[in-house]
**Q** 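Take a look at this one; I'll ask things after.
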Amino acid sequence: MKFKQITHRLNTLEASVESLQERRFWMQCQRQYTFQPIYKIDGRLMAIELLTVVTHEDEPDVRIPPDRYFSSVTSRTRLMIIEEQLNLLRSWESIFLGYDILASVNVDGPTLVAMKHHQPILALINKMPWVRFELVEHITQPQAVTLAGMNEFGPLWLDDFGTGVANFSALSEVHYDYIKVARDLFIMLRTSEEGRNLFTMLLQLMNRYCKGVIVEGVETEDEWRDVQNSPAFAAQGYFLSRPFPFEQLESVLTRLS
C-alpha cells in the first residue's frame, strides 16, 4: 500500500515538473510581427493581415507554429498579445487612414469573448475603426448567439473557412463582413472541371452571407487568374506578396504591378 502511495506521489511530482517546464518554455518564447497584403481581384490593396512569428530563445532560427503557441499560453497572455498587436497597428495609423485600407488581426473564440471585459483593448478598438478581427475557424468558437451580439469589435471576419467546423447554418446566424477560404479547400476544388464549377457555386453561395470572399494561399499565376475569374472579392498569398516587416509598410503598393 505504501509503495503505491509513493509511486503516485512520484508520478504527481513528475507531472508537476513537466507542467512547470512547459510553462517556462512558452514564457521564454519571443514574438515578432510581420504583415501580408490582401489584394482585391482588380489589383487594388484592400487590407493587410498582421502575422505573428514565434521563436524560442534557445533556437531563434526555428519558427514555432503560431496556432500551437497561442493554444499553449494562458488566456491572460493572449489578451496581452492582442493589446500589443493593436498598439503596433496604431503606430501606423496614418498609413491605414491615408491609403484607406484595413488591418486584420487573428483571434480565437474564447479570447474574443474575454476581450469584452478587457477595457484597455476596448479603448484601443474604439480609436481604430479600420481594424478587423479574423475569427480562427478551426479553433473552438463561441455560440453563434454570443458572436451575433459582439458589436464592440466592429464587423468580424471568418478565417480559414473549410478547415474546421463552420457550415452554412452558422454563416446564416452570424453576419461576417468577409469570409476567407482556406488554401486547402481552394486547391482541392480546382483539381477538376467539376471541382472548379463547384468552387464558383460555393463562392456564389457564400457571397449571400457576407460582403465578399477572400481566397487564401494563392501561390501561382494560374491560381491568381482562377481567383480573378471567380466570384471572389480578394485574395492573398505568396504569388501576390510574401510577408514583410512593418518597417516596410509604407513601401507596399496600393495596386499590383
Side-chain angles (χ1 to χ4, degrees), residues 30-55 63 65-67 69-70 81-107 121 124-125 127-136 153-161 176-183 186-187 203 210-257:
Q30 299 171 339
R31 297 179 299 277
Q32 292 181 316
Y33 298 115
T34 62
F35 71 91
Q36 187 174 35
I38 301 172
Y39 290 99
K40 299 177 184 179
I41 59 172
D42 64 4
R44 289 181 296 164
L45 184 64
M46 170 195 177
I48 63 102
E49 177 184 359
L50 184 147
L51 303 174
T52 306
V53 178
V54 182
T55 58
R63 293 191 175 189
D67 55 346
Y69 171 72
F70 286 116
I81 293 171
I82 293 292
E83 188 174 348
E84 180 180 79
Q85 293 172 335
L86 291 175
N87 277 312
L88 170 63
L89 291 172
R90 194 181 178 199
S91 69
W92 295 94
E93 182 176 45
S94 61
I95 300 298
F96 297 108
L97 293 176
Y99 286 94
D100 191 25
I101 58 176
L102 303 173
S104 69
V105 177
N106 289 285
V107 64
I121 289 179
L124 282 168
I125 292 171
K127 300 173 183 177
M128 303 166 66
W130 37 269
V131 166
R132 297 292 183 268
F133 289 99
E134 293 187 25
L135 188 63
V136 182
F153 310 121
L156 293 175
W157 293 10
L158 181 62
D159 190 27
D160 283 342
F161 182 89
Y176 292 100
D177 209 33
Y178 289 93
I179 299 172
K180 300 178 79 172
V181 171
R183 172 174 171 79
F186 171 50
I187 294 302
L203 265 59
C210 65
K211 290 174 61 176
V213 176
I214 301 170
V215 180
E216 299 180 292
V218 175
E219 296 184 357
T220 68
E221 183 174 1
D222 285 344
E223 291 172 8
W224 173 231
R225 298 308 174 202
D226 282 352
V227 172
Q228 288 183 303
N229 292 325
S230 77
F233 180 81
Q236 70 183 110
Y238 280 6
F239 175 74
L240 302 173
S241 176
R242 289 180 174 270
F244 289 105
F246 268 84
E247 290 72 21
Q248 297 184 34
L249 182 57
E250 291 186 81
S251 66
V252 173
L253 301 176
T254 58
R255 188 178 182 91
L256 287 172
S257 56

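As the structure is a computational prediction, the values presented were derived from the model and not from experiment. The analysis underlying the following values was restricted to heavy atoms, covering all of them including side chains, and did not include hydrogens, waters or symmetry mates.
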**Q** What closest approach, in Å, do Asp159 and Val136 show between heavy atoms, and which atom pair accounts for it?
**A** CB-CA, 4.2 Å
**Q** Should Arg44 and Asp42 be marked as a salt bridge (Lys or Arg N to Asp or Glu O under 4.0 Å) after you check the CA-CA gap, both sets of side-chain angles, and the distance that decides it?
**A** CA-CA 6 Å; Arg44 289 181 296 164; Asp42 64 4; 2.7 Å; yes
**Q** Please report the interatomic distance CG(Leu51) to CZ(Phe244), rounded to the nearest 0.5 Å.
**A** 12.0 Å
**Q** Any side-chain heavy-atom pair from Thr52 and Val54 closer than 4.5 angstrom?
**A** yes
**Q** May I ask you to decide whether Arg183 forms a salt bridge with Glu223, counting only side-chain N to carboxylate O separations under 4.0 Å?
**A** yes
**Q** Compare every heavy atom of Leu203 with every heavy atom of Ser230, then report the nearest pair and how far apart it is.
**A** OG-CD2, 3.8 Å
**Q** Quick check on Arg225: does its CZ atom have over 12 non-hydrogen neighbours (other residues, nucleotides or ligands) under 6.0 Å away?
**A** yes
**Q** Does CD belonging to Glu250 count more than 12 external heavy atoms closer than 6.0 Å?
**A** no
**Q** Do the rings of Tyr178 and Phe233 sit parallel, tilted or perpendicular, given the 30° and 60° boundaries?
**A** tilted
**Q** Let me see the working for Leu102 and Trp157 under side chain to side chain contact (heavy atoms under 4.5 Å, CB included), right down to the final yes or no.
**A** CA-CA 12 Å; Leu102 303 173; Trp157 293 10; 3.9 Å; yes
**Q** So do the side chains of Ile214 and Phe161 get within less than 4.5 Å of each other, counting heavy atoms only?
**A** no
**Q** Measure across Lys40 and Trp224 and return the closest heavy-atom pair with its distance rounded to 0.1 Å.
**A** O-CH2, 3.5 Å
**Q** So Phe239 and Asp222, side chain to side chain contact (heavy atoms under 4.5 Å, CB included) or not? Walk me through it.
**A** CA-CA 10 Å; Phe239 175 74; Asp222 285 344; over 6 Å; no
**Q** Quick check: does any side chain N or O of Glu83 sit under 3.5 Å from a backbone N or O of Ile121, one acting as donor and the other as acceptor?
**A** no
**Q** Just verifying a value: how many Å separate Asp177 CG and Lys211 NZ, rounded to the nearest 0.5 Å?
**A** 4.5 Å
**Q** If we only count heavy atoms from C-beta on, is the Val131 to Arg90 side-chain gap below 4.5 Å?
**A** no
**Q** If you define the side chain from C-beta out and look only at heavy atoms, does anything of Val227 sit under 4.5 Å from Phe186?
**A** yes
**Q** Report yes if the side chains of Ile125 and Phe133 come closer than 4.5 Å at any heavy-atom pair, otherwise no.
**A** yes
**Q** Just how far is it from atom CG of Asp226 to atom OG1 of Thr220, taken to the nearest 0.5 Å?
**A** 8.0 Å
**Q** Can you tell me how far CD of Gln32 sits from CZ of Arg63, rounded to the nearest 0.5 angstrom?
**A** 8.0 Å
**Q** Just wondering, do Tyr39 and Val218 contact through their side chains at under 4.5 Å, heavy atoms?
**A** no
**Q** With a 4.5 Å cut-off on side-chain heavy atoms, are Phe246 and Leu88 touching?
**A** yes
**Q** Step by step, work out the side chain to side chain contact (heavy atoms under 4.5 Å, CB included) result for Phe70 and Ile81.
**A** CA-CA 9 Å; Phe70 286 116; Ile81 293 171; 3.6 Å; yes
**Q** Can you spot which of Arg242, Glu216, Gln236 makes a side-chain hydrogen bond (donor to acceptor under 3.5 Å, both in side chains) with Gln36?
**A** Gln236
**Q** Which atoms form the tightest heavy-atom contact between Pro155 and Arg132, and what is the distance?
**A** O-CD, 3.3 Å
**Q** When rounded to the nearest 0.5 angstrom, what is the spacing between CD1 in Ile95 and CD1 in Ile101?
**A** 7.5 Å
**Q** So Val252 and Ile48, do their side chains get closer than 4.5 Å, heavy atoms only?
**A** no
**Q** Mind checking the CG-SG spacing from Leu158 to Cys210? Nearest 0.5 Å is all I need.
**A** 9.0 Å
